[in-house]
J.: 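Input: one structure, supplied below.
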Amino acid sequence: MQLASHAKSLRPLLLLIILARPTGAAAQGGPPVADSAKASRQNPRALPSVEVIGRPASLSRIPGSGTLLSNARLWLSHVTSAGEALRKAPGIHVRDEEGLSLRPNIGVRGLSPTRSTTVLLLEDGIPFTIAPYGDNASYYHPPIGRFDHVEVLKGSGQILFGPRTIGGVINYVTPVIPTRAGGRIGLEAGNRSALALHARFGGTWEGTGLLLDVSRRQGEGARENVGSLRSDATLKTVVPLGRDQSLLFKASYYAERSRVTYSGLTETEWAAAPRQNPFRNDSMLLDRTAAAATHRAWLGAGVALTTTAYAYRIGRDWWRQASNSAERPNDASDPDCAGMANLNTTCGNQGRLRDYAVTGLEPRLQLEGTSLGLTHQIELGVRVHHESQDRRQVNGDFPAARTVGSATDANSGIVEDNLRRNTAYSGFLQHRVLAGRWSVTPGLRIEHVRYDRVNRRPVPTNPEGIRGRTSLTQLIPGIGATFAASAGTTFFAGMHRGFAPPRTEDLISNSTGGIVELDSELSWNYEAGVRSQPATGLSLEATAFRMAFSNQIIPASIAGGTGAALTSAGRTLHQGLELAGSLGTASLLGWRHDLSVNVSYTWLPTVRFEGERFSFVGQGAGDVIGKVYADQNAAGTRQRVRVTGNRLPYAPEHLLTASLGWVAPQGFDFSLEAVHLGQQFGDPLNTLITVPDGQQGLLPAATIWNLAANYNLPGLQTALFVTLKNATDKLYIVDRTRGLLPGAPRLVQVGATTSF
């Protein structure tokens, strides 16, 4: 083809360009593009999804830490949430919130887990957070049952998947459409009103593939007056367009109806009843509709073009009475909220009403060939991305209000009316050179982000509201290398620029439209490690890492709580070691009974403030010595306290997930898992004593035990299972940001799945 010949003539020039690591199985060090093209012509459905790692064999060429959480491993322990799944990967800290994993707080290598803002979350290679550039908060997270497996990538390879290139990329991959018609239905029930139904059906008819996945799940959370009902439906279809092209279309709908609050408990409330929740009128209503289309074409030997268009809308109404335990009640100046006795009678509430719209288009061109005795894998692409946030806060007159309050009440009415928009243009180039046992992968990404914020509430000086605009541009380089010491052992190393853009609301002032001096988060990230499979059924990986920030944003809370405002934390340093290993006796020793061991461990000895860093202590009337304030309007005298050398909050030194599995030839299997979470500080001052509002002090270490057992009925495609999550019913603290929050209590579930 003519385009292929042009590409061939351009290869000498392209080889001189610094590129970033390709996507898809072929580009991840799996089969060459030409081989994949041949397989695709035989079966168009074989065109790969956009993946950040691809097949397990692809790890041998990836110059960084990578983890594939397989379907088999997730099934053996019957994970019911994203948090359960991700704790099996080294370097990942998931902080619970409501005990249902509706909005998991995911941190990587000591980065803040709050709202997962420091990690890039993808579904089939497409971002799904509410506003990846303007507000990368995970108020929505898809149900884990929708996916086949999970990929976790850290290191220099992640610069292909911006805008956030600091901590890591987590990609949830949906199942491949089956060749033959069939499906699966699962039903489970348990304590805490747990009930779930999951059905999947798919097949291929005259070359066109179709897969439908639907689920409905309900349950109670970790506290009283907390529960959720979630419905999810996903439709995926692949249509072959001739011999060398295909079109994949996917649409999904998700609905959440939850009783859930932001507020934690005070120390007194925790001592009296740690699972109580006085905010029984708080609720979350969330709807998300999404669609994506991916066109993939083989343009000739070694040349492939993948073009993805995506769009989604999220409506999120969160009605709540307070954002933290210090706001008891919501507004002490309101006589209707003069004390906790009025909380559920006359005290008003706040409706945080949000609508988000996101669209994007991303073409990626892959080239592969040989020159000067070397193999070259090249990928370049661009992305245009637009998002808008329509944000209103409406205060109601009474606890269960769901409409704006009376205009005569100073504590009711429309408090916020904002429109925030971001347009981003990205480009990336990568060049992987393979020379015998060596591979070298330099890369470069560029991000240009435009910000626009409109405060639509009229003011005397501007009846049409206040508007502010700005933009930023950032170059993000990276380079990595691998060395295959033997057939099963690979050494890897890499470095890259970590980048995360600031939120729109933090960069542009709401009151003036002026630009706030808040820089992007920037770091230099380094990795070195080894992964080895010395024998079939035995695999090991060890990674040493260092993240040196010139500017890290440390949020005390995304929406309320102590130190609600985001501030530039300046220099920070993260250093540690990750270890992962797995062993299976069936493959290793040929045993009929397969005993398996999986271990994931993270040691984070260093995660500290660097340079001259300060926090504040309030000592005014009614304040408690030691309380951190970031709010300039905080009451009382403010004293600046040096925190240089202190450990960052919510960064445990030790994380461990270890499991023992047994699969018997009679169709029975069993899994025992221990999840250990090390001690953490709840504030930058590293406070050792607690304060009455519950927002400071240590979070003690805790170990949670999970069990699961499955039995496959002989002669039938049906499995029965039982699970115990937090089998010992351990009571432990997971968060102090807005007051004390407990981890999920014991959950016992039984269920069955049948395939057809």
J.: Before giving the answer on side-chain hydrogen bond (donor to acceptor under 3.5 Å, both in side chains), spell out for Lys154 and Thr543 the whole-Å C-alpha distance, their side-chain angles and the decisive distance to 0.1 Å.
T.: CA-CA 10 Å; Lys154 303 180 287 286; Thr543 306; over 6 Å; no
J.: Counting N and O atoms only, with roles assigned by atom type, does the side chain of Thr118 sit under 3.5 Å from a partner on the main chain of Pro113, one being a donor and the other an acceptor?
T.: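 Checking the backbone N and O of Pro113 against the side chain of Thr118, no donor-acceptor pair under 3.5 Å is found.
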J.: Could Arg146 and Tyr172 be counted as a cation-pi pair, given that NZ or CZ must be under 6.0 Å from the ring centre and within 45° of the axis?
T.: no
J.: In the structure I gave you, are the side-chain heavy atoms of His295 and Leu241 within less than 4.5 Å of one another anywhere?
T.: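 They are in contact (side-chain heavy atoms under 4.5 Å apart), so the answer is yes.
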J.: Looking only at atom types and distance, does a side-chain atom of Arg432 sit under 3.5 Å from a main-chain N or O of Ser439, one as donor and one as acceptor?
T.: no
J.: Apply side-chain hydrogen bond (donor to acceptor under 3.5 Å, both in side chains) to residues His149 and Ser70 and explain how you reach the verdict.
T.: CA-CA 5 Å; His149 62 279; Ser70 67; over 6 Å; no
J.: Between the side chain of Gln158 and the main-chain N/O of Gly168, is any donor-acceptor distance below 3.5 Å?
T.: yes
J.: So, the side chain of His496 versus the backbone of Ile159: is there a donor-acceptor pair under 3.5 Å, distance only?
T.: no
J.: Would you tabulate the side-chain donor-acceptor contacts of residues 577-590 under 3.5 Å, counting partners in other chains and residues two or more places apart, or write 'none'?
T.:
| unit_1 | atom_1 | unit_2 | atom_2 | d |
| --- | --- | --- | --- | --- |
| Glu578 | OE1 | Ser65 | OG | 3.4 |
| Glu578 | OE1 | Arg109 | NH2 | 3.2 |
| Glu578 | OE2 | Arg109 | NE | 2.6 |
| Glu578 | OE2 | Arg109 | NH2 | 3.3 |
| Ser582 | OG | Ser539 | OG | 2.6 |
| Thr585 | OG1 | His593 | O | 3.2 |
| Thr585 | OG1 | Leu595 | N | 2.8 |
| Thr585 | OG1 | Leu595 | O | 3.4 |

J.: Looking at side-chain heavy atoms only, is the closest gap between Pro175 and Leu211 below 4.5 Å?
T.: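 Answer yes - side chains close enough.
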J.: For the residue pair Phe201 and Trp205, categorise the inter-ring angle as parallel (less than 30°), tilted (30 to 60°) or perpendicular (more than 60°).
T.: tilted
J.: Start with the C-alpha distance between Thr129 and Ser138, add both sets of side-chain angles, then the distance that settles side-chain hydrogen bond (donor to acceptor under 3.5 Å, both in side chains), and finish with yes or no.
T.: CA-CA 5 Å; Thr129 51; Ser138 59; over 6 Å; no
J.: To the nearest 0.5 angstrom, please state how far the OG1 atom of Thr489 sits from the CZ atom of Phe483.
T.: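 If we round to the nearest 0.5 Å, Thr489:OG1 and Phe483:CZ are 10.5 Å apart.
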J.: Picking from Lys250, Glu362, His385, what satisfies side-chain hydrogen bond (donor to acceptor under 3.5 Å, both in side chains) with Tyr310?
T.: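 In the set Lys250, Glu362, His385, the residue that makes a side-chain hydrogen bond (donor to acceptor under 3.5 Å, both in side chains) with Tyr310 is His385.
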J.: Can you list the residues that meet the side chain to side chain donor-acceptor pair (under 3.5 Å) rule with His574, with sequence neighbours excluded?
T.: Gln552
J.: Around atom CH2 of Trp75, are there more than 12 heavy atoms of other residues, nucleotides or ligands at under 6.0 Å?
T.: yes
J.: Do the ring planes of Tyr140 and Phe128 sit parallel (below 30°), tilted (30 to 60°) or perpendicular (above 60°)?
T.: perpendicular
J.: State whether a side-chain donor-acceptor pair under 3.5 Å links Thr308 with Thr294.
T.: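 There is such a pair (donor and acceptor under 3.5 Å, judged by atom type) between the side chains of Thr308 and Thr294.
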J.: Is it true that atom CZ of Arg313 has more than 12 heavy atoms of other residues, nucleotides or ligands lying nearer than 6.0 Å?
T.: no
